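The shown structure was predicted, so the numbers you read here are calculated from the model rather than taken from an experiment. Chain letters run A, B, ... following the sequence lines, proteins first and then strands; every chain starts at 1.
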2 protein chains.
Amino acid sequence: MFDEICPSDLSPIRFGDKWTGMVIRCLEGGPRRFSELRVPLRGITAKVLTKSLRTMERDGLVTRRAADRQVVYELTLLGRSMLAPMDTACAWAREHWDELLDAREGVADHRG
Amino acid sequence: MFDEICPSDLSPIRFGDKWTGMVIRCLEGGPRRFSELRVPLRGITAKVLTKSLRTMERDGLVTRRAADRQVVYELTLLGRSMLAPMDTACAWAREHWDELLDAREGVADHRG
DNA sequence: GTAGCCGGTATCCGAACGGATACCACCTGC
DNA sequence: GCAGGTGGTATCCGTTCGGATACCGGCTAC
């Protein structure tokens with residue numbers, strides 16, 4: 001999923017920790033439950049997702065709401081405001097995709 | 001210096017490693033020597049700066065040129081192109097400075 | 001009662017990050 | 001000959017990051 005949304009592995013631009021950017025993308029469409037977030041974030045362990053979400057909560061990017069025997073996470077206005085710089089970053093990465101790739105492959109050619 | 005240029009400590013947006021964004025800002029005005037970079041980057045050790053610069057070189061953001069018994073680092077076009085998303089990120093951070101600060105202080109109030 | 005989902009926590013681990021310190025070769029100026 | 005600057009490298013160190021694994025209480029379905 002995220003291979004298509006955002007070419008984030010190669011880009012040097014990061015939003016928060018490894019997963020924060022992807023979590024924000026997952027919450028872009030509305031509130032999501034803990035286990036709903038784990039699906040698109042293939043392979044993330046509960047511990048790591050919990051830690052990311054707690055940090056994001058601390059930083060005012062998401063809210064955690066435990067209601068009616070389920071937990072939902074939702075973007076705050078601040079969290080939602082990060083979508084703009086994220087779009088800029090993704091546009092930059094897409095625009096310079098080839099150059100980024102060339103730089104890494106050049107290294108691979110020389111040393112790998 | 002960098003406290004004024006970019007409120008980067010509080011912002012969750014990062015470009016490369018800890019120093020990459022600041023190095024790019026330092027090189028914005030033209031080529032700089034190794035020791036010239038160390039001045040504004042107060043406290044950076046030679047090892048860490050070397051590592052940052054080598055990574056940036058590998059990623060095609062800077063060039064290293066050893067000429068006439070001195071070494072100069074210069075932004076590539078790719079490196080220079082990062083100034084645009086960096087400006088966006090800085091603008092975002094400035095715009096949401098108070099919210100970012102509140103989130104952290106709220107934590108400090110509760111737990112610190 | 002027991003199997004399963006939900007939303008985690010606890011513990012351990014290896015790798016990477018960032019820094020401190022010491023050291024180095026090379027050249028310049030005195 | 002010796003101090004000082006330049007552009008590093010080598011070694012060690014504590015912290016953080018991200019992940020693997022095991023386990024947990026609460027609830028539901030059968």
What ring pair (Phe, Tyr, Trp, His ring centres under 6.0 Å) pairs are there with at least one residue in residues 55-93 of chain A, not counting sequence neighbours?
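Sorted result for residues 55-93 of chain A: A/W92-A/H96.
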
Between [atom2] of [N] and [atom1] of [X], the distance in whole Å:
X	N	atom1	atom2	result
A/L41	D/dG18	CG	P	12 Å
B/D68	C/dC27	CG	P	12 Å
A/D17	C/dA16	CG	C1'	15 Å
A/R32	C/dC6	CZ	P	15 Å
B/L53	D/dT9	CG	P	11 Å
A/L49	C/dT9	CG	P	11 Å
B/K51	D/dA10	NZ	C1'	15 Å
A/R64	C/dG7	CZ	P	9 Å

Phosphate-side-chain proximity, A/S35 and C/dG7, N/O vs OP1/OP2 below 4.0 Å:
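Yes, within the criterion.
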
Within the pair A/R38 and C/dG8, is there a side-chain N or O less than 4.0 Å away from OP1 or OP2?
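No, outside the criterion.
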
Under the side chain to side chain contact (heavy atoms under 4.5 Å, CB included) test, residues paired with B/A67 that sit two or more places apart:
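Side chain to side chain contact (heavy atoms under 4.5 Å, CB included) list for B/A67, sorted by chain: empty.
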
List for me each residue that meets side chain to side chain contact (heavy atoms under 4.5 Å, CB included) alongside A/E36, sequence neighbours excluded, and say none if there are none.
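A/E36 satisfies side chain to side chain contact (heavy atoms under 4.5 Å, CB included) with A/R32, A/R33 only.
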
Counterpart residues, salt bridge (charged side-chain N to carboxylate O under 4.0 Å, His left out), relative to B/E74 (two or more places apart)
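B/E74 satisfies salt bridge (charged side-chain N to carboxylate O under 4.0 Å, His left out) with B/R65 once adjacent residues are dropped.
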
Distance, nearest 0.5 Å, that separates CE of B/M22 from CG of B/L49:
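So the gap between those two atoms works out to 11.0 Å.
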
Among residues two or more places apart or on two chains, list those pairs meeting salt bridge (Lys or Arg N to Asp or Glu O under 4.0 Å) that have a residue in residues 80-90 of chain A.
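Found A/R25-A/D87.
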
Sugar-phosphate means primed atoms, P, OP1 and OP2; the rest is base. With that split, encode nucleotides 19-30 of chain D 5' to 3' as B, S or - using protein heavy atoms under 4.0 Å.
BB------S---

